[in-house]
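Shown next, in structure tokens, is the structure this report addresses.
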Amino acid sequence: MAEIRVEQLHKSFGDFAAVKDSNFVVESGDFFVLLGPSGCGKTTTLRMIAGLELPTSGRILLGGNDVTFKRAAERDIAFVFQLFALYPHMNVRKNIAFSLKCQGMPQKEINRRVEEAARILRIEHILDKSVTGLSGGDRQRVALGRAIVREPMCFLMDEPLGALDSEFRHLMCSELRGLHDRLKATTVYVTHDQLEAMSMADKIAIMNRGEVEQFGPPQEIYARPASMFVADFIGSPPMNFLHFHAGIPRGSGEALLGDAVVEMPVLQEDVAPRDLALGVRPEHIAFDDNSPLRGAVYGSEYLGTTQIVTVNTQFGQIKARTKSTGEVRPGENVGLRFASSRLSLFDKQSGRAVRSALFDGAAHG
Ligand code: ATP
């Protein structure tokens with residue numbers, strides 16, 4: 001196990017900056033996820049940590065040692081990729097043992113490690129089977145076995161579940177997290193799937209256009225998004241934005257939307273008059289006939305115990321998650337009440353969150 005430290009990591013391909021001065025620390029034993037849309041620089045970051053790509057500038061420290069210019073083979077890490085190529089002419093045992101055999105490890109130690117990996121992955125019963133004809137899940141477990149037996153300082157995984165169907169992905173997510181809890185090995189996991197990230201990660205770095213927009217535990221990222229990009233990328237449906245123009249003094253906990261005064265966490269900085277967006281998660285909205293903030297119901301989606309109700313307001317369309325027992329009709333005029341301590345405020349031009357009591361954790365419960 002080892003800490004991974006990334007300092008001012010930058011990678012340009014010609015004029016194009018794929019990764020822009022990234023900084024983050026993956027603590028020893030953490031399951032860390034690099035999350036973001038396609039092309040945001042996740043794989044390039046992972047490849048630099050692995051030693052498969054040289055940074056343009058910056059440093060990578062593995063277990064306190066500067067490995068920035070060390071070759072991949074010198075870094076004591078193991079990979080699991082989406083397209084796991086197993087050797088078709090070898091059985092499961094030989095596939096898992098292959099890299100150890102190449103290192104010239106004594107057979108007794110190889111046997112011990114292979115059996116230990118098979119026990120952890122619960123694939124003892126297929127050790128002597130051919131890999132051709134294995135299910136997708138078992139093939140993935142064998143690929144993980146090949147990584148585990150090396151007992152590396154850390155694991156790097158690039159969309160390892162990307163090729164699996166959604167039901168199976170879900171199952172493998174909890175299996176991977178369970179595996180991590182047993183091994184406690186530092187893991188860097190790349191995905192564009194927020195649900196995978198939220199369900200598995202100890203910490204997430206959300207990337208956008210080569211930059212880390214926010215770094216932190218999933219709960220913090222969900223509750224206190226640092227930017228409109230993060231607020232929109234995380235959550236299903238994502239955070240709603242109500243657009244308005246105002247100036248708000250430091251120490252105020254109120255936003256004026258038309259005639260409606262909306263309470264929100266107290267601001268820690270002055271906001272000069274500008275375009276703003278009030279952010280509210282769907283589950284923090286309730287219908288209240290007495291609220292002056294109103295809109296017209298556009299439609300609803302039934303989801304079993306809850307429903308998603310879409311409401312058109314003069315500040316933008318919003319989606320509320322309410323109990324499915326509450327009936328709403330399209331066209332109905334409804335009042336909206338927000339859980340004030342959970343609201344976020346964003347500067348629309350920069351897209352960044354305005355610092356508030358919510359951001360300092362004071363109003364977050
Ligand atoms: P995806 O999930 O689609 O793989 P990603 O977030 O992992 O996306 P990267 O693969 O890191 O993104 O790529 C980031 C950007 O860098 C992309 O625009 C990509 O086209 C570009 N890029 C990556 N490798 C190279 C290369 N060798 N030469 C030129 N451009 C590259």
Side-chain angles (χ1 to χ4, degrees), residues 4-26 30-60 62 67-72 75 77-85 136 140 143 147 154-166 168-170 172-173 176 186-201 203-216 218 221 225-236 238 351:
I4 301 169
R5 188 173 284 268
V6 162
E7 294 177 352
Q8 294 293 110
L9 198 64
H10 192 93
K11 178 70 188 180
S12 294
F13 296 106
D15 291 340
F16 175 72
V19 176
K20 300 175 192 165
D21 299 322
S22 277
N23 290 290
F24 55 81
V25 177
V26 185
D30 258 8
F31 196 111
F32 169 77
V33 175
L34 278 168
L35 173 68
S38 183
C40 69
K42 307 179 295 291
T43 296
T44 306
T45 303
L46 193 77
R47 285 174 60 81
M48 288 192 280
I49 296 172
L52 298 174
E53 197 84 68
L54 268 183
T56 309
S57 57
R59 293 206 310 165
I60 300 162
L62 195 58
V67 297
T68 315
F69 297 106
K70 282 199 171 160
R71 287 182 297 127
R75 295 195 185 192
I77 48 176
F79 280 111
V80 184
F81 292 108
Q82 181 184 121
L83 299 170
F84 35 90
Q140 186 59 278
C154 57
F155 291 101
L156 305 182
M157 303 191 185
D158 194 353
E159 304 254 8
L161 310 182
L164 307 176
D165 63 50
S166 66
F168 197 65
R169 274 170 90 141
H170 193 65
M172 281 305 285
C173 272
L176 267 182
T186 312
T187 302
V188 182
Y189 185 101
V190 161
T191 183
H192 63 272
D193 184 325
Q194 54 137 339
L195 292 179
E196 268 183 33
M198 297 294 272
S199 64
M200 285 195 282
K203 301 250 177 61
I204 297 175
I206 302 197
M207 293 190 70
N208 179 27
R209 298 178 184 194
E211 279 179 48
V212 175
E213 290 250 342
Q214 190 168 4
F215 172 82
I221 286 177
S227 67
M228 291 175 82
F229 172 83
V230 173
D232 184 57
F233 196 78
I234 297 282
S236 179

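Read the numbers this way: they start at 1 and go in the same order the structure lists the ligands and their atoms.
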Close side-chain approach of Gln194 and Ser236, heavy atoms under 4.5 Å: yes
Who's touching ligand 1 if we go heavy atoms under 4.0 Å? Phe13, Phe16, Ala18, Pro37, Ser38, Gly39, Cys40, Gly41, Lys42, Thr43, Thr44
Parallel, tilted or perpendicular: which one describes the rings of Phe31 and Tyr189, with boundaries at 30° and 60°? tilted
Contacts of type side-chain contact (heavy atoms from CB on, under 4.5 Å), residue Ala18, not counting sequence neighbours: Phe13, Phe16, Thr44
Dump the intermediate steps for side chain to side chain contact (heavy atoms under 4.5 Å, CB included) on Val6 and Thr45, then the final yes or no. CA-CA 9 Å; Val6 162; Thr45 303; 5.5 Å; no
For a side chain to side chain contact (heavy atoms under 4.5 Å, CB included) check, start with the C-alpha distance between Leu176 and Leu161, then their side-chain angles and the critical distance, and finish with the verdict. CA-CA 10 Å; Leu176 267 182; Leu161 310 182; 4.1 Å; yes
Picking from Ile206, Val230, Ile234, what satisfies side-chain contact (heavy atoms from CB on, under 4.5 Å) with Pro225? Val230
